[in-house]
Amino acid sequence: MDNQMRTLREQYGSEVKFTQYLSTKQGSIYLNKVNQLIGLPNIVTTKSVNEMSIEGGSIDVVGFTERGEAIVYEHQDISGSADQTHASKTPWYCVMLKTMGYRVLGGVLLCENVSQKFLDAYKEYRWSSERRSYMGHFNVHIVKTQFTDEGEFIPTLFEDSEVKPSRSTNIKHYENFVAIYADDWKIQREDYKK
């Protein structure tokens, strides 16, 4: 299937054109395809920022969830092969956004191919975020960019791994549970509070 897919160069001609498209309402649908692959929540299709300014540069695309949480999307240049610069920038951008006061759920490096060393390094970053949800800025992934002949973006993972959602279940779920099933339960060693 990969042999029949088109590259970024064939489809868009430049990385900049593609990342500009990703920040549009229609392009955000592509970003949500990526999020589904890696277990991140959808971003609001009207709240993506192209070339978001940070100290010393800018981030290709930052998407925001309905709760205002940030997700970083960095795309490798037109060469397609993940390099040390882009692999390093992606987690760095996540950290920079966190220092700017954003709640960061993760970051994604989009590229056409990558070495196993980079995949292993990103797995090390994710280890931190999987154990501590407040470290979502280390929830970084590398996703393959490819297009059908009709121009549809079909992201895929470079490695087989279990997708773990990055956000815990909404507190409303538990409030509803208590109201339906546990309203008369006795709470031990704590004051009773609704």
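Computed from heavy atoms alone, side chains included, the values below leave out hydrogens, waters and symmetry copies.
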Hey, are the side chains of [X] and [Y] touching, using non-hydrogen atoms and a 4.5 Å cut-off?
X    : Y    : result
M5   : I154 : yes
T156 : V143 : no
P155 : T145 : no
N50  : V62  : no
S48  : L22  : no
D149 : R6   : yes

key: Transitive ILVMFWY side-chain link V95 to I142, under 4.5 Å   = yes
inquiry  = Check for me, please, whether I29 and V34 land in the same ILVMFWY cluster - side-chain distances under 4.5 Å, paths through other members count.
reply    = no
request  = Report, as yes or no, whether the 6.0 Å neighbourhood of atom NZ on K33 holds more than 12 heavy atoms from other residues, nucleotides or ligands.
outcome  = yes
Between [X] (side chain only) and [Y] (backbone N and O only), is there a donor and an acceptor less than 3.5 Å apart?
X   : Y    : answer
T24 : G27  : yes
N42 : T65  : no
T90 : A87  : no
E69 : V104 : no

With no hydrogens and no angle check, just 3.5 Å: does a side-chain donor-acceptor pair link [X] and [Y]?
X    : Y    : answer
Y73  : N35  : yes
D120 : Q116 : yes
T148 : E152 : no

Nearest heavy-atom neighbours spanning [X] and [Y]:
X    : Y   : answer
I71  : P41 : CD1-O, 3.8 Å
S79  : Q76 : OG-NE2, 3.9 Å
Y12  : K17 : O-CD, 3.4 Å
F118 : Q84 : CZ-N, 3.6 Å
L97  : A70 : CD1-CB, 4.2 Å

ask   = Partners of E51 by side chain to side chain donor-acceptor pair (under 3.5 Å), sequence neighbours excluded?
value = S58
query = With T19, which residues qualify under side chain to side chain donor-acceptor pair (under 3.5 Å), at least two apart?
reply = none
Per-pair distances, 0.1 Å, donor-acceptor, side chain in residues 105-115, under 3.5 Å, sequence neighbours excluded:
unit_1: E112; atom_1: OE2; unit_2: L8; atom_2: N; d: 2.6
unit_1: N113; atom_1: OD1; unit_2: S81; atom_2: OG; d: 2.2
unit_1: S115; atom_1: OG; unit_2: K117; atom_2: N; d: 3.3

remark   = Per ring pair (Phe, Tyr, Trp, His ring centres under 6.0 Å), H75 is matched among F18, F153, Y30 by F18
ask   = Which word best sums up how the rings of Y125 and F138 line up, parallel for under 30°, tilted for 30 to 60°, or perpendicular for over 60°?
value = parallel
